[in-house]
Chemist: 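Got a structure here, written out as structure tokens. Questions coming.
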Amino acid sequence: MPDRSIKLGCQTFTWEMLGEGFRGGPDDLLRAVAGAGYAGIEITDKMIGFYAGKPDEFARALDDLGLALVAFAIGSPSGFTELNEVESDLEAARRWLDFTARFPGAVLSMGSATIMSDGPREEKFRVAAEVYNRAAELGRGAGVEVAVHPSSHHNTLLFDRADYDTIFSLLDPERVGWVPDTGHILRGHDDLLDTLRAHRDRIRYVHLKDVDGAGEWAMLGKGVCDTPAVIEAVRGAPRFSGWLVLEEESEEAGAAPEAAVAANRETMRRYGA
């Protein structure tokens, strides 16, 4: 019996990994995600394409395929840690909040704080916290929740459990949410479930990914992520929306994104979702 309390979305970074090798556009992404059986999509500022600045048109495209916008994800060349870029980062956040506000319930997901220049880590945390907190205040005015998506990619400031605890200690617990990513947590932590439980009040939705025992990306269900345990851990989180957003960064996805996300959707059916 499918678990109706859980909704499945798909993240478009899977295609973004192709770089210049991706010859399609946002409509191709929507058709692939809907065709694979997902209910929603999280799209990035790099993949929104010609729909940027056209939220009504994007809403019609989603409606035509029966998809919901779970979240809109943004990053910055500053890594959200450069003091002289704070105002430009917030201006970009304001612009995408206005776009996201067209979609009730959608979250603005802000990428991981990343080290882009020399300097004390403490200062990088302080700047990132300022950006996230002020963006969340802007989101409050726009009627859009803002959440942080830590990663384990190169030079991330938010890699291990101590980093998570540090950034969360600096963020407004009511206004700044969290998008836990199981793959990224597993690459930097040995306590995935404990991390989810420790900061459960901040969870807005979940990125579901898998890695093998060496921390290399793996197709969902082929690695060490205990997906049923993750679902159980987040299900009762007070502000969890019910959305699990599947994102795939494995070699298989790099070779054939559509096939990979379709395979992951089938894997979730075996888990009852």
Side-chain angles (χ1 to χ4, degrees), residues 42 44-45 69-76 78-101 103-116 119-152 156-182 184-185 188-189 194-207 233-243 245:
E42 176 183 338
T44 72
D45 50 357
L69 182 64
V70 182
F72 193 94
I74 66 171
S76 170
S78 76
F80 300 122
T81 61
E82 295 293 309
L83 183 60
N84 62 350
E85 297 294 335
V86 167
E87 297 306 323
S88 61
D89 283 341
L90 290 171
E91 182 55 37
R94 182 182 291 106
R95 184 168 63 252
W96 290 118
L97 282 164
D98 288 344
F99 183 96
T100 307
F103 305 89
V107 174
L108 184 76
S109 173
M110 298 184 69
S112 189
T114 304
I115 299 170
M116 308 302 291
R121 282 174 58 85
E122 294 80 3
E123 175 67 7
K124 305 296 185 186
F125 276 106
R126 188 195 69 75
V127 174
E130 178 182 353
V131 173
Y132 293 144
N133 280 322
R134 290 178 62 187
E137 182 63 26
L138 293 173
R140 183 185 185 196
V144 177
E145 287 209 84
V146 170
V148 177
H149 173 245
S151 86
S152 59
T156 180
L157 191 67
L158 308 177
F159 182 69
D160 61 22
R161 176 61 182 273
D163 295 335
Y164 280 49
D165 293 346
T166 297
I167 194 66
F168 288 145
S169 73
L170 299 171
L171 298 181
D172 186 322
E174 293 300 318
R175 295 181 185 171
V176 186
W178 175 35
V179 185
D181 184 304
T182 57
H184 287 304
I185 295 173
H189 307 225
D194 183 63
T195 301
L196 292 173
R197 295 181 184 117
H199 298 293
R200 67 194 297 272
D201 290 357
R202 299 176 184 267
I203 297 172
R204 301 301 190 263
Y205 65 100
V206 175
H207 268 201
V234 303
R235 190 197 308 275
R239 299 177 73 173
F240 173 55
S241 64
W243 282 106
V245 174

Chemist: Hey, what do you get for OG (Ser152) to CD1 (Ile185), rounding to the nearest 0.5 Å?
Modeler: 10.0 Å
Chemist: Only counting residues at least two apart or in another chain, list the ones meeting side chain to side chain donor-acceptor pair (under 3.5 Å) with Thr114.
Modeler: none
Chemist: Do Pro150 and Thr156 make a side-chain contact, defined as non-hydrogen atoms from C-beta onward lying under 4.5 Å apart?
Modeler: no
Chemist: A side-chain contact here means heavy atoms from C-beta on lying under 4.5 Å apart; do Leu157 and Phe125 qualify?
Modeler: yes
Chemist: Enter the distance from Leu83:CG to Lys124:NZ here, rounded to the nearest 0.5 Å.
Modeler: 9.5 Å
Chemist: Take the angle between the ring planes of Phe168 and Tyr164 and call it parallel below 30°, perpendicular above 60°, tilted in between.
Modeler: perpendicular
Chemist: By salt bridge (charged side-chain N to carboxylate O under 4.0 Å, His left out), which residues pair with Asp163, not counting sequence neighbours?
Modeler: Arg121
Chemist: Closest approach of Leu97 and Ala142, non-hydrogen atoms and distance?
Modeler: CB-CB, 4.3 Å
Chemist: Which heavy atom in Leu69 sits nearest to a heavy atom in Ala106, and how many Å separate them?
Modeler: O-CB, 3.4 Å
Chemist: What's the separation between atom OG in Ser109 and atom CZ in Arg204, rounded to the nearest 0.5 Å?
Modeler: 12.0 Å
Chemist: Mind checking side chain to side chain donor-acceptor pair (under 3.5 Å) for Arg239 and listing every partner two or more places apart, or none if nothing turns up?
Modeler: Glu145
Chemist: Look at the aromatic rings of Phe99 and Phe72 and report parallel, tilted or perpendicular, splitting at 30° and 60°.
Modeler: tilted
Chemist: Keeping Asp172 on the side-chain end and Asn133 on the backbone end, is there a donor-acceptor pair under 3.5 Å?
Modeler: no
Chemist: Checking Asp165 now: which residues fulfil side chain to side chain donor-acceptor pair (under 3.5 Å) with it, not counting sequence neighbours?
Modeler: Arg161, His199
Chemist: Determine whether Leu170 and Tyr132 make a side-chain contact, defined as any pair of heavy atoms from C-beta on separated by less than 4.5 Å.
Modeler: no
Chemist: Specify the closest pair of heavy atoms between Glu82 and Ser78, including all atoms of both residues, with the distance to one decimal.
Modeler: CG-O, 3.5 Å
Chemist: To the nearest 0.5 Å, what is the distance between NE2 (His149) and CG (Leu108)?
Modeler: 13.0 Å
Chemist: Going by salt bridge (charged side-chain N to carboxylate O under 4.0 Å, His left out), name the residues that satisfy it together with Glu122, two or more places apart in sequence or in a different chain.
Modeler: none
Chemist: Under the salt bridge (charged side-chain N to carboxylate O under 4.0 Å, His left out) test, which residues partner Glu130, sequence neighbours left out?
Modeler: Arg126, Arg134
Chemist: Just so I know, are the side chains of Ile115 and Thr81 near enough to count as touching, which here means a heavy-atom distance under 4.5 Å?
Modeler: no
Chemist: Do Phe80 and Leu90 have side chains that approach each other closer than 4.5 Å (heavy atoms only, starting at C-beta)?
Modeler: no
Chemist: Just checking Arg94: does its CZ atom have more than 12 heavy atoms from other residues, nucleotides or ligands closer to it than 6.0 angstrom?
Modeler: yes
Chemist: Can you measure from OG (Ser76) to CE (Met116) and round to the nearest 0.5 angstrom?
Modeler: 8.0 Å
Chemist: Closest approach of Ala93 and Ile74, non-hydrogen atoms and distance?
Modeler: CA-CD1, 4.1 Å
Chemist: For Leu171 and Arg202, what are the C-alpha separation, side-chain angles and deciding distance, and is it a side chain to side chain contact (heavy atoms under 4.5 Å, CB included)?
Modeler: CA-CA 10 Å; Leu171 298 181; Arg202 299 176 184 267; 4.0 Å; yes
Chemist: Using side chain to side chain contact (heavy atoms under 4.5 Å, CB included), reason through Glu42 and Trp243 one step at a time and then give a plain yes or no.
Modeler: CA-CA 10 Å; Glu42 176 183 338; Trp243 282 106; over 6 Å; no
